[in-house]
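Numbers for residues simply follow the sequence, beginning at 1.
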Amino acid sequence: MSEEHEEYEVEALGVEVSAQPIELYKVLKIANAVSGGGEAKFAIAEGYVAVNGELEQRKRRKVYDGDVIEFNNEFYLVLCDQPVTEVADKPKKAAEPKPAPRTKSSSKLAKGKGQGAKPKSGSQANRSQGNKANKGRSGKAPAKGPADKATGRKPISF
């Protein structure tokens, strides 16, 4: 008798899931075999979980009705009365039209920015607003004083 086709009987706990396929780490969470998803993913990645008798290290492996999961000397049988629903691939973002890249227009220069002065980028503008918003958290007021003309940065003292 070959080892591949050897059958044996074990007691397994039934884990009822609402849809199939379901990801392996979620089954361990539903079965209360682990305390959370992070612990389930760690156990799978470290090689403590087997699916249908084979070691499995893919956390998001799809399991179906009738699959047997072995973890921590316990067996879990996946039970689902719903038909298999394959998840459609998410539409690619490349399919959506991208907005045209911004270019410097003459209207921005005409608004008084002057030549040679760089307009604030979005991240610099957000950072300066964030300093005012975070005043209460750090207990420090934003830096005061004149900004450096070359860089536009204000001096900081500690």
Acceptor/donor pairs from residues 67-79 side chains to any protein atom, 3.5 angstrom cut, sequence neighbours excluded:
from, atom 1, to, atom 2, distance (Å)
Asp67, OD1, Asn52, ND2, 3.1
Asp67, OD2, Tyr64, N, 2.8

Could you pull out every donor-acceptor pair under 3.5 Å between side chains of residues 28-35 and any protein atom, sequence neighbours left out?
from, atom 1, to, atom 2, distance (Å)
Ser35, OG, Glu39, OE1, 2.5

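With a 4.5 Å cut-off on side-chain heavy atoms, Pro21 and Val84 count as touching.
For the pair Arg61 and Val51, the tightest heavy-atom approach, listed with the atom from each and the gap, is NH1-CG1, 3.2 Å. Across all their heavy atoms, Gln57 and Ala45 have their closest contact at NE2-O, 3.2 Å.
In this structure, Lys41 forms a cation-pi arrangement with Tyr25, its terminal cationic atom sitting closer than 6.0 Å to the ring centre and no more than 45° off the ring axis.
In this structure, Leu55 stands alone, with no Ile, Leu, Val, Met, Phe, Trp or Tyr side-chain heavy atom under 4.5 Å from its own, directly or through other members.
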Checklist entry - Going through the distances and angles, do Glu56 and Leu24 end up as a side-chain contact (heavy atoms from CB on, under 4.5 Å)? => result CA-CA 9 Å; Glu56 185 59 63; Leu24 177 58; 3.8 Å; yes

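Salt-bridge check for Glu23 with Lys62: passed, with a basic side-chain N closer than 4.0 Å to an acidic carboxylate O.
Residues passing the side chain to side chain contact (heavy atoms under 4.5 Å, CB included) test with Glu46, sequence neighbours excluded: Phe42, Tyr48. Among residues two or more places apart in sequence or in another chain, the side chain to side chain donor-acceptor pair (under 3.5 Å) test is passed with Gln20 by none.
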